[in-house]
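Below is one structure; the comments refer to it alone.
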Amino acid sequence: MDEDCRNRGRESIRADESRTVCPVCPHACSLSEGQRGLCRARIAQSGEVASENYGRLTSIALDPIEKKPLARFRPGAFVTSVGSYGCNLHCPFCQNASIACAGLDDVRWRFVAPEALVDLAVRTRGSIGIAYTYNEPFVGFEYLRDTARLAHDAGLANVVVTNGMVNEGPLREVLSLIDAANVDLKGFSQRFYDIVGGDLETVERTIRLMAACPTCHLEVTTLVIPGMNDDEREIEEAAAWLASIDPSIPYHLTRFFPCHRMADKQPTPLEALRSLATVARRHLDDVLLGNC
């Protein structure tokens, strides 16, 4: 990687003479030289926190926009989807664990500069833009920012699929560049977010900021896991809260299938998912079922 690309991947807050605090997410990892953050994608180098996964792509594919999932943004379109490695949550039900739970030496990657990725998307027939997805895009915040700017200059759309665990500063810096987003609302209690290592208030703030941005189309997804976040009251509270922001926000209730550290769990019963959708529709205009 050239030095210019390395420098573009660095943002930090100095904690003291020996440690640096990463400003990207609420974990606020305080790192000594050479230490990686919880996400395994950011590292302390020369008194700064660098995006170690800057431009290091593990996955590139041309996907239907509905796969993100986005049901009401450019339906029928295709988007160039890219991912790196690393995530700032540790969901035991992660569907992309091979890269989201990976670090530098755990997965194959290749460096793709922002200019090269935008050129690829421009040349890809049928692609309307770039989706930053598969792993958590905000742990590689600087690459998202730099690529999204170039993508807009080239007339491409930017799509972000995120867990919403990002601080307000980095989010605001890129929000005007995001044309569509799907935020994964894991559950609607801090109890559930304790299981995955996150903060519900941060995710709520991300959803509110995205919903308030006139140039960002927002959809929200909850993966419904039997016995964990499938309580009718919790889904109703989530739907009512979303409706208090905007009742037209599309809300995806998605069926869980066994994976990662929950391979012995049963899939979400279809009847239960449909029942929860009925509950959510008491408050929201657009509730969709996924993985069915």
(request) Return yes if a side-chain donor-acceptor contact under 3.5 Å exists between Thr58 and Tyr134, otherwise no. (result) no
(request) Looking only at non-hydrogen atoms, find the nearest pair between Ala263 and Pro258 and report the distance. (result) O-CB, 3.3 Å
(request) Heavy atoms only: give me the nearest Gly187-Leu200 pair and the separation to one decimal. (result) O-CD1, 3.9 Å
(message) For the CD atom of Glu66 and the CG atom of Leu288, what is their distance to the nearest 0.5 Å?
(response) 11.0 Å
(message) If hydrophobic clusters are built by linking Ile, Leu, Val, Met, Phe, Trp and Tyr wherever their side-chain heavy atoms come under 4.5 Å apart, do Phe73 and Leu242 end up in the same one?
(response) no
(request) Is it possible for you to say whether Ile178 and Val183 belong to one hydrophobic cluster, with membership spreading through side-chain heavy-atom contacts below 4.5 Å? (result) yes
(request) Run the numbers on Ser51 and Tyr143 for side-chain hydrogen bond (donor to acceptor under 3.5 Å, both in side chains), then give the verdict. (result) CA-CA 8 Å; Ser51 171; Tyr143 186 71; over 6 Å; no
(request) Kindly indicate whether the side chain of Leu223, heavy atoms from C-beta on, has any atom under 4.5 Å from the side chain of Leu253. (result) no
(request) Quick one: do Ile235 and Tyr251 satisfy side-chain contact (heavy atoms from CB on, under 4.5 Å)? Show the steps, please. (result) CA-CA 11 Å; Ile235 294 297; Tyr251 186 36; 4.2 Å; yes
(request) Could you tell me whether the side chains of Arg56 and Ser84 share a donor-acceptor contact shorter than 3.5 Å? (result) no
(message) side-chain contact (heavy atoms from CB on, under 4.5 Å) for Ile249 and Glu219? Distances and angles first, verdict last.
(response) CA-CA 6 Å; Ile249 293 174; Glu219 303 190 18; 5.6 Å; no
(message) Minimum heavy-atom separation for Leu185 and Ala238, please, with both atom names.
(response) CD2-CB, 4.2 Å
(request) Looking only at non-hydrogen atoms, find the nearest pair between Gly76 and Ile65 and report the distance. (result) N-CG2, 4.2 Å
(message) Salt bridge or not between Arg191 and Glu234? Use side-chain N to carboxylate O under 4.0 Å.
(response) yes
(message) For the CZ atom of Arg36 and the CD1 atom of Ile43, what is their distance to the nearest 0.5 Å?
(response) 4.0 Å
(message) Do Glu52 and Arg42 make a side-chain contact, defined as non-hydrogen atoms from C-beta onward lying under 4.5 Å apart?
(response) no
(message) Just by distance, no angles: are the side chains of Asp184 and Thr221 close enough, under 3.5 Å, to form a donor-acceptor pair?
(response) no
(message) Please check if the number of heavy atoms outside Gln190 that lie under 6.0 Å from its CD is greater than 12.
(response) yes
(request) Using atom types as modelled and distance alone, determine if a side-chain donor or acceptor of Lys265 lies under 3.5 Å from a backbone N or O of Pro226. (result) yes
(message) So, taking the atom named CG in Leu156 and the one named OG1 in Thr147, what distance separates them when rounded to the nearest 0.5 Å?
(response) 11.0 Å
(message) For Thr133 and Lys67, which I'm curious about, is there any donor-acceptor pair between the side chains at under 3.5 Å?
(response) no
(request) Report yes or no: do Glu33 and Ser18 form a side-chain donor-acceptor pair below 3.5 Å? (result) no
(request) Report yes or no: do Asn158 and Tyr132 form a side-chain donor-acceptor pair below 3.5 Å? (result) yes
(message) Please check: side-chain N/O of Asn135 versus main-chain N/O of Ala100, any donor-acceptor pairing under 3.5 Å?
(response) no
(message) As an exercise, state the distance from OH of Tyr85 to CH2 of Trp109, rounded to the nearest 0.5 Å.
(response) 7.0 Å
(message) The test is side-chain contact (heavy atoms from CB on, under 4.5 Å); show your working for Leu120 and Thr124 and say whether it passes.
(response) CA-CA 6 Å; Leu120 173 65; Thr124 300; 3.9 Å; yes
(request) Keeping the roles fixed (side chain from Thr206, backbone from Gly164), state whether a donor-acceptor pair exists under 3.5 Å. (result) yes
(message) To the nearest 0.5 Å, what is the distance between CG on Asn182 and NZ on Lys68?
(response) 10.0 Å
(request) Might you point out which heavy atoms bring Asn163 and Cys87 nearest each other, and give the distance in Å? (result) ND2-SG, 3.7 Å
(message) I want to check something: taking the side chain as every heavy atom from C-beta on, are Leu276 and Glu232 in contact at a cut-off of under 4.5 Å?
(response) yes
(request) Measure the shortest side-chain to side-chain distance between Val122 and Val118 over non-hydrogen atoms and say whether it is less than 4.5 angstrom. (result) yes
(message) Any heavy-atom pair between the side chains of Ser81 and Leu62 that's under 4.5 Å?
(response) no
(message) If hydrophobic clusters are built from ILVMFWY residues whose side chains come within less than 4.5 Å, do Leu57 and Leu144 share one?
(response) yes
(request) Report yes or no: do Phe256 and Ile195 belong to one cluster of Ile/Leu/Val/Met/Phe/Trp/Tyr joined by side chain heavy-atom distances under 4.5 Å? (result) yes
(request) Flag the pair Ser59 / Ile99 as yes when at least one side-chain heavy-atom distance between them is below 4.5 Å, and no otherwise. (result) yes
(message) Measuring only between side-chain heavy atoms, which start at C-beta, is Asp146 closer than 4.5 Å to Leu150?
(response) no
(message) Using a 3.5 Å distance criterion without hydrogens, assess whether the side chain of Asp119 forms a donor-acceptor pair with backbone atoms of Glu115.
(response) no
(request) May I ask you to decide if Val79's main-chain N or O and Asp63's side chain share a donor-acceptor pair within less than 3.5 Å? (result) no
(message) Would you say Val24 ends up clustered with Tyr193 if hydrophobic residues are merged whenever their side chains have heavy atoms under 4.5 Å apart, either directly or through other cluster members?
(response) yes
(message) The test is side-chain contact (heavy atoms from CB on, under 4.5 Å); show your working for Gln95 and Phe257 and say whether it passes.
(response) CA-CA 9 Å; Gln95 297 173 312; Phe257 286 95; 6.0 Å; no
(request) State whether the side chain of Ser127 and the backbone N or O of Gly129 hold a donor-acceptor pair below 3.5 Å, judged by distance alone. (result) yes
(request) Sorted by first residue and then second, give each side chain to side chain donor-acceptor pair (under 3.5 Å) pair with at least one member in residues 276-291; sequence neighbours left out. (result) Arg72-Asp286, Glu236-Arg282, Glu236-His283
(message) Within the 3.5 Å criterion, strictly below it, is a donor on Ser98 or Asn96 matched to an acceptor on the partner's side chain?
(response) no
(request) Could you check Arg149 against Glu173 for salt bridge (Lys or Arg N to Asp or Glu O under 4.0 Å), going step by step and ending with a plain yes or no? (result) CA-CA 11 Å; Arg149 286 173 178 166; Glu173 188 171 343; 3.8 Å; yes
(request) Keeping the roles fixed (side chain from Ser32, backbone from Gln35), state whether a donor-acceptor pair exists under 3.5 Å. (result) no
(message) So does Phe138 get a backbone contact from the side chain of Glu136, meaning a donor-acceptor N/O pair under 3.5 Å?
(response) yes
(request) For Thr202 and Val166, work out which heavy atoms get closest and say how close. (result) CG2-O, 3.5 Å
(message) Test your reading of the model: is there a side-chain donor-acceptor pair from Arg19 to the backbone of Ser30, 3.5 Å cut-off?
(response) yes
(request) Give me the ring orientation class for Trp241 and Phe188: parallel if the planes are under 30° apart, tilted from 30 to 60°, perpendicular past 60°. (result) tilted
(request) For the residue pair His152 and Asp179, confirm or rule out a side-chain donor-acceptor distance under 3.5 Å. (result) yes
(message) In the structure I gave you, are the side-chain heavy atoms of Leu89 and Lys186 within less than 4.5 Å of one another anywhere?
(response) yes
(request) Kindly compute the distance separating CG (Leu38) from SG (Cys22), expressed to the nearest 0.5 Å. (result) 10.5 Å
(request) Using modelled atom types only, decide if a donor and an acceptor are shared between the side chain of Asn167 and the backbone of Cys25 within a distance under 3.5 Å. (result) yes
